[in-house]
2 protein chains.
Amino acid sequence: MPAKPLPQPRKAPRQKRSLETVDAILAATAHILSKEGLEKATTNHIAARAGVSIGSLYQYFPNKESLVRALNDRHTQEILALLSRRFEEVREAPIPDAVRAIVRAMVDVHRHDPDLHRVLVQATPAVGAKVETRRLEAAAGRLLVGFFQARAAELRIQDFELSAFLLVQSVEALTHAAVLEHPGLLEDERFVEETTRMIVGYLTDGVEPAGKARRSRRKS
Amino acid sequence: MPAKPLPQPRKAPRQKRSLETVDAILAATAHILSKEGLEKATTNHIAARAGVSIGSLYQYFPNKESLVRALNDRHTQEILALLSRRFEEVREAPIPDAVRAIVRAMVDVHRHDPDLHRVLVQATPAVGAKVETRRLEAAAGRLLVGFFQARAAELRIQDFELSAFLLVQSVEALTHAAVLEHPGLLEDERFVEETTRMIVGYLTDGVEPAGKARRSRRKS
DNA sequence: TAAAAATGCGAGCTTTTACTCACATCCACC
DNA sequence: GGTGGATGTGAGTAAAAGCTCGCATTTTTA
């Protein structure tokens, strides 16, 4: 992979007028991506929809990639902010409640604008934005590891890093797959419940509230 | 999304000579995709690398998409064939062994040519080939559901379809994430073990060989 | 209010790239 | 060996889309 030209970031908007321009451009990008798809998202089309000239667009975004990147970054930030908050909230909650809250947070984020998320998932690798996704996954992983450390006594997992990787990837994939293939699942309580059950089982050993432990004995 | 023109499939190769041509084209596509990336994979470049004229390429592949599709289809078939075989083999194996075998199969498939897999994962959504991936997931899901039905007595899951969805998506995501971000993990025994443990825990209730059941009692 | 800076404009340039077509060559079959 | 179908060729076409640049307009500043 030969190094890309690496375009200089354009000047940042300073006046109110230009801030609105940038907003309009991003809004148009999001709208076109989610309603018309990636291939219809040409810079000229975006500029037109934003009610802005193509020249103005290139004053703030050095190239097409940076548009998708900007949207993706925003998305990424939102998710991370929400996750941080949730992790804070459940710091001392019972494990099942904590896990459920985190899973539900992920579902909620994606329920907001499924179309946009779908296209971002699809566009992100094509553009160079895999980096951002990776950063998000890493940050989420760190939050999880922190949680594990604080609650180590209640967990039976050994390698926190590895476990965090498994869970981050699984939950991300499940919400994405739901968005892409079974949008209905995002509204389905069972989806959150089963996912929670899987994770809690992995982290602890069984979800049953206590004492109700079942022992299915098989041939050793 | 307006319907695509849907290009007619070109004529199939009949003589040995042309079969070799088709092979060379596919090999070149795979090579360029895995070594130079998606954006370098122009039709002219592929034809050149294959030692074939651009005209010949278009005699057998109606458009660029169909090249990536053909590769992806082949990949998909391989995975499905391997999975079918493995599911057959473990039909009566203890659950943990069965799960481990399936997980390992997925890892093995991706270990073969990680670069190609990486690019396919990245290129597939950009091209229309999401369909094929979905078909694979559906087929894998059916294999899993079949397994669940045969072994229902040993499982505590209720909704086989939903559980199959969770597991198919999780395992696929984990192997892909490993390929993309931590290629080393594919060689790491712990990766297979932890993934297996997560799944077995979800399916049954705890992996401990029997009698060794642990009861971590928490505040109800 | 005048100069300077920031912002906005959009015709059109440039490059890229998928794809065609008219023709040459090879091979099977009689 | 000759005929017709299969196969191979690659210069060239056409369309798309990213992006520039010279200039107009608005806002800030002094």
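Just so it is clear: chains get the letters A, B, ... in the order the sequence lines come, proteins before strands, and each one is counted from 1.
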Are more than 12 heavy atoms from other residues, nucleotides or ligands located less than 6.0 Å from atom CZ of A:R14?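 Counting other residues, nucleotides and ligands, CZ of A:R14 stays at 12 neighbours or fewer.
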For A:R111, does the CZ atom sit with more than 12 other heavy atoms under 6.0 Å from it, leaving out its own atoms?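 Correct, the count exceeds 12.
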[X] [atom1] to [N] [atom2]: how many Å, rounded?
X     : N      : atom1 : atom2 : value
B:L19 : D:dA6  : CG    : P     : 14 Å
B:Y60 : D:dT9  : OH    : C1'   : 12 Å
B:F61 : D:dT7  : CZ    : P     : 13 Å
A:I46 : D:dC19 : CD1   : C1'   : 14 Å
A:R14 : C:dA4  : CZ    : P     : 19 Å

Can you classify the ring geometry of B:F148 versus B:F160 as parallel (below 30°), tilted (30 to 60°) or perpendicular (above 60°)?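 Taking B:F160 first and then B:F148, their aromatic rings sit tilted (interplane angle of 30° to 60°).
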With under 30° as parallel and over 60° as perpendicular, where do the rings of A:H110 and A:H117 fit, or are they tilted in between?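 Plane angle between 30° and 60°, so tilted.
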Taking all non-hydrogen atoms of both residues, which atom of A:L38 and which atom of A:A123 are closest, and how far apart?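 Minimum heavy-atom separation between A:L38 and A:A123: CD1-CB, 3.8 Å.
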Indicate the atoms forming the closest heavy-atom contact of B:D97 with B:A93, along with that distance.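 Closest approach of B:D97 to B:A93: CB-CB, 4.4 Å.
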Are any non-hydrogen side-chain atoms of A:L80 and A:L143 less than 4.5 angstrom apart?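 The answer is yes; the side chains approach within 4.5 Å.
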Could you grab the distance from atom CD1 of B:I102 to atom CZ of B:F147, nearest 0.5 Å is fine?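 It is 7.5 Å, given to the nearest 0.5 Å.
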Qualifying residue, where the test is side chain to side chain contact (heavy atoms under 4.5 Å, CB included) with A:L67 and the options are A:L33, A:I25, A:N72, A:I32: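 The option that passes is A:I25.
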What string of B, S and - do you get for nucleotides 23-29 of chain D 5' to 3' if you count protein non-hydrogen atoms under 4.0 Å? ---BSS-
Given protein heavy atoms under 4.0 Å, the one-letter contact record of nucleotides 9-21 of chain C, with B base, S sugar-phosphate only and - none, is simply BBB-----SBBB-
Between the two end axes of the helix from C:dT1-D:dA30 to C:dC30-D:dG1, each built from 5 base pairs, what angle do you get to the nearest 10°?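 The helix from C:dT1-D:dA30 to C:dC30-D:dG1 shows an end-to-end axis angle of 10°.
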Counting N and O atoms only, with roles assigned by atom type, does the side chain of B:K40 sit under 3.5 Å from a partner on the main chain of B:K35, one being a donor and the other an acceptor?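 Not a single qualifying donor-acceptor pair exists.
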Looking at B:R85, B:R91, B:R86, which one forms a salt bridge (charged side-chain N to carboxylate O under 4.0 Å, His left out) with B:E89?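 The passing option is B:R86.
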